Amino acid sequence: MANKKDYYDVLGVSKEASEDDIKKAYRKLAVRFHPDKNPNDPEAAERFREATESYEVLKDENKRKQYDKFGHAAFDGAASGGFSGGFSGMDLNEALKAFMGDFGGDSFFGDIFGNSRARRTNQGSVNQGKNIQIKLSLSLKEMHDGVSKTIKIKHKIGCSSCGGSGSKSGKLESCPQCNGSGRSRRIMQSIFGQMVQETICARCSGTGKIVKDPCNSCLGAGIVEGEDKVSVSIPAGVSEGNYITVDGKGDKGINNGISGDLIVIIYEKDDSIFTRHGIDLITDMEISFSDAALGCEIIIETFSDKVKVKVPAGTQSEKVIKIPGKGMPVLHNERNKGDVLIRIKVKTPENLSKAERDIFEDLRKLEQKPKSIFHKFKNNFGL
C-alpha cells in the first residue's frame, strides 16, 4: 500500500474536513476528471478513480475512523483490528450514482455529461451521440390542421475529412488496455472471497478502439459542428408540451458512433380570436344592446369553415353559445372534435348622437312606466 496516495491529499482536504467539505471536494474533481469529459485520457480516468475511492472511504464515518487509525492497511486486513470488510471497490459508475444521490439525482451529471447514463446502457451504444431538443412554436390553426415544417438545426455531424472515424488514415486500432473488449476487469478480495468488478474501459470509453493518428479537423473525435435541415410532420390535434422524436437527427456519436435523436417540443402561439381550453375553443363576441334585446344572427369563422349562429332575443352579457364539433380535433382521432364556445359581451354604447340619446331617453321612460303604476298601486292600498 506504500504507493497509494493519501485519501485526504487526493481530495485536497484536511483531516479535520467536514462531511460537506468532502462532498464538495469530490464533486469538483468528479466534474473535472469524469471519463465522459476526458475520453481517451488515462490520466484523467486514474484521477477520477482515485477521487471516487477516496470519497467512498472518507464519506463513511466508520471507514474514515479505520483509515485515520491504520491508513490504507485498514482495508486489506494487514493491520490487527483493522476494518475487515475491505473497500467496496464498486463500479465507478455505481459510486457516482451514490454520490449523485447527495446532489439531486441523475440530472446533475445528465446535464453536464450529456445523458451519459443512456450512452452506457450497453456496449453497443457507448458511442451514441446526445439527443438534442428544440422548441417549435405553432399557431392554433396549424395545430388544428396538422402541418409539415422544415427546421434548421445546429448539431454535431460526422467529420468529412476523416469520414467520421477521427483518424487520418480512417483506421482505428484495438485498445491495448482492454484488448478491444471495451471493458476493464479487476479482481478484489472481500469478506466473501474474490470478487470480479467489470467497468467500461477508461482508455477507449468502452468502444474497444483508439485513434493513433488524430484527424486535424476534428482532433480525433470524428465529429464537428454542422447544420442540417430536418422535415418534421406535425399531426392535427397536438397541444403545447407534446413532443415529436425524429430518430437519428441528434448529435453524431464520436468515431463513427450512432447519432442521437432530435426532440421537437411543441409550443402554442397566441391567437387573435380563440383561446384554447383542451379541445374546445373559446372566443368573445360583442353585440349591441338592440341585438341582445331583439336577437340577431352572427357569422363565426372557425378553423374549418364559416358558421351562422343565432343569438336569441333577450340574451344577457356573459351568456355562452356553443357550436358543437367545430373545436380542436382529438390527437390521432381527427374525426372527434371539441366545441367552439362563444361568450357574448353586450356592448354599452359611448359618445351617443342626439338621435341615439333621444331613443334611449324614450326607452328609459318606457322602462320606468311599470314602476309608476306600481307606486300608484301602493298609494291606493296604503302601502
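Quick caveat, the model's predicted, so the values are computed rather than measured. Basis for what follows: all heavy atoms, side chains included, without hydrogens, waters or symmetry-related copies.
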Taking all non-hydrogen atoms of both residues into account, name the closest pair between [X] and [Y] and its distance.
| X | Y | answer |
| --- | --- | --- |
| Ile323 | Lys326 | CG2-CG, 3.6 Å |
| Ser165 | Leu172 | O-CD2, 3.5 Å |
| Val10 | Leu29 | O-CD1, 3.4 Å |
| Lys15 | Arg64 | O-NH2, 3.1 Å |
| Arg203 | Pro176 | NH1-CG, 3.5 Å |
| Met143 | Ser239 | CE-C, 4.3 Å |

Looking at [Y], is its backbone amide N or carbonyl O close enough to the side chain of [X] to form a donor-acceptor pair, meaning the two atoms are under 3.5 Å apart?
| X | Y | answer |
| --- | --- | --- |
| Asp60 | Lys65 | no |
| Gln316 | Gly314 | yes |
| Asn336 | Val330 | no |
| Glu356 | Ser353 | yes |
| Asn131 | Leu262 | no |
| Asp339 | Leu341 | no |
| Asp271 | Ile273 | yes |

Common cluster, [X]/[Y], ILVMFWY with side-chain heavy-atom separation under 4.5 Å:
| X | Y | result |
| --- | --- | --- |
| Leu219 | Val224 | no |
| Leu281 | Tyr267 | no |
| Leu352 | Phe289 | yes |
| Val346 | Leu363 | yes |
| Ile263 | Val230 | no |

Under 3.5 Å side-chain donor-acceptor pair for [X] and [Y]:
| X | Y | answer |
| --- | --- | --- |
| Asp213 | Ser169 | yes |
| Thr302 | Ser304 | yes |
| Gln133 | Tyr243 | no |
| Arg27 | Tyr55 | no |
| Tyr26 | Ser54 | no |
| Tyr67 | Asp6 | yes |

For a 4.5 angstrom cut-off between non-hydrogen side-chain atoms, does [X] reach [Y]?
| X | Y | result |
| --- | --- | --- |
| Ser259 | Gln128 | no |
| Lys63 | Leu58 | no |
| Ser167 | Pro214 | no |
| Met328 | Asp280 | no |
| Val309 | Ile321 | yes |
| Val311 | Ile287 | yes |
| Phe303 | Val340 | no |
| Cys178 | Arg183 | no |

*Evaluate the side chain to side chain donor-acceptor pair (under 3.5 Å) criterion for residues Glu50 and Tyr7: first the C-alpha distance (whole Å), next the side-chain angles of each, then the deciding distance (0.1 Å), finally the verdict.*
CA-CA 8 Å; Glu50 290 175 345; Tyr7 287 152; over 6 Å; no

Could you grab the distance from atom [atom1] of [X] to atom [atom2] of [Y], nearest 0.5 Å is fine?
| X | Y | atom1 | atom2 | value |
| --- | --- | --- | --- | --- |
| Gln177 | Cys204 | CD | SG | 7.5 Å |
| Ile282 | Thr275 | CD1 | OG1 | 6.5 Å |
| Ser137 | Glu240 | OG | CD | 8.0 Å |
| Asp270 | Ser139 | CG | OG | 11.5 Å |
| Ser217 | Lys168 | OG | NZ | 10.0 Å |
| Ile153 | Ile134 | CD1 | CD1 | 6.5 Å |

Would you call [X] and [Y] a salt bridge, using N to O less than 4.0 angstrom?
| X | Y | answer |
| --- | --- | --- |
| Glu142 | Lys269 | no |
| Arg364 | Glu367 | no |
| Glu19 | Lys23 | yes |

*Scan Lys156, Lys154, His155 and name whichever one has a side-chain hydrogen bond (donor to acceptor under 3.5 Å, both in side chains) with Glu225.*
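Going through the options one by one, the only one that passes is Lys156.
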
*Taking His144 as the fixed residue, which of Lys337, Glu334, Arg276 is the one that meets the side-chain hydrogen bond (donor to acceptor under 3.5 Å, both in side chains) rule?*
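Among Lys337, Glu334, Arg276, the one that satisfies the side-chain hydrogen bond (donor to acceptor under 3.5 Å, both in side chains) with His144 is Lys337.
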
*Derivation and outcome, side chain to side chain contact (heavy atoms under 4.5 Å, CB included), residues Asn333 and Leu331*: CA-CA 5 Å; Asn333 189 4; Leu331 184 62; over 6 Å; no

Does atom [atom1] ([X]) have a neighbourhood of more than 12 heavy atoms from anything else shown, all under 6.0 Å?
| X | atom1 | answer |
| --- | --- | --- |
| Lys322 | NZ | no |
| Lys345 | NZ | yes |
| Glu227 | CD | yes |

*Tell me, with the steps shown, if Ile157 and Asp228 meet side chain to side chain contact (heavy atoms under 4.5 Å, CB included).*
CA-CA 9 Å; Ile157 60 174; Asp228 261 329; 4.2 Å; yes

*Start with the C-alpha distance between Ile298 and Met285, add both sets of side-chain angles, then the distance that settles side chain to side chain contact (heavy atoms under 4.5 Å, CB included), and finish with yes or no.*
CA-CA 9 Å; Ile298 55 178; Met285 175 63 67; 3.6 Å; yes

_Phe33-Phe48 aromatic ring centre distance below 6.0 Å_ = no

_If you apply the rule side chain to side chain contact (heavy atoms under 4.5 Å, CB included), what do you find for Leu138 with Ile234, and how did you get there?_
CA-CA 10 Å; Leu138 299 176; Ile234 313 294; 3.7 Å; yes

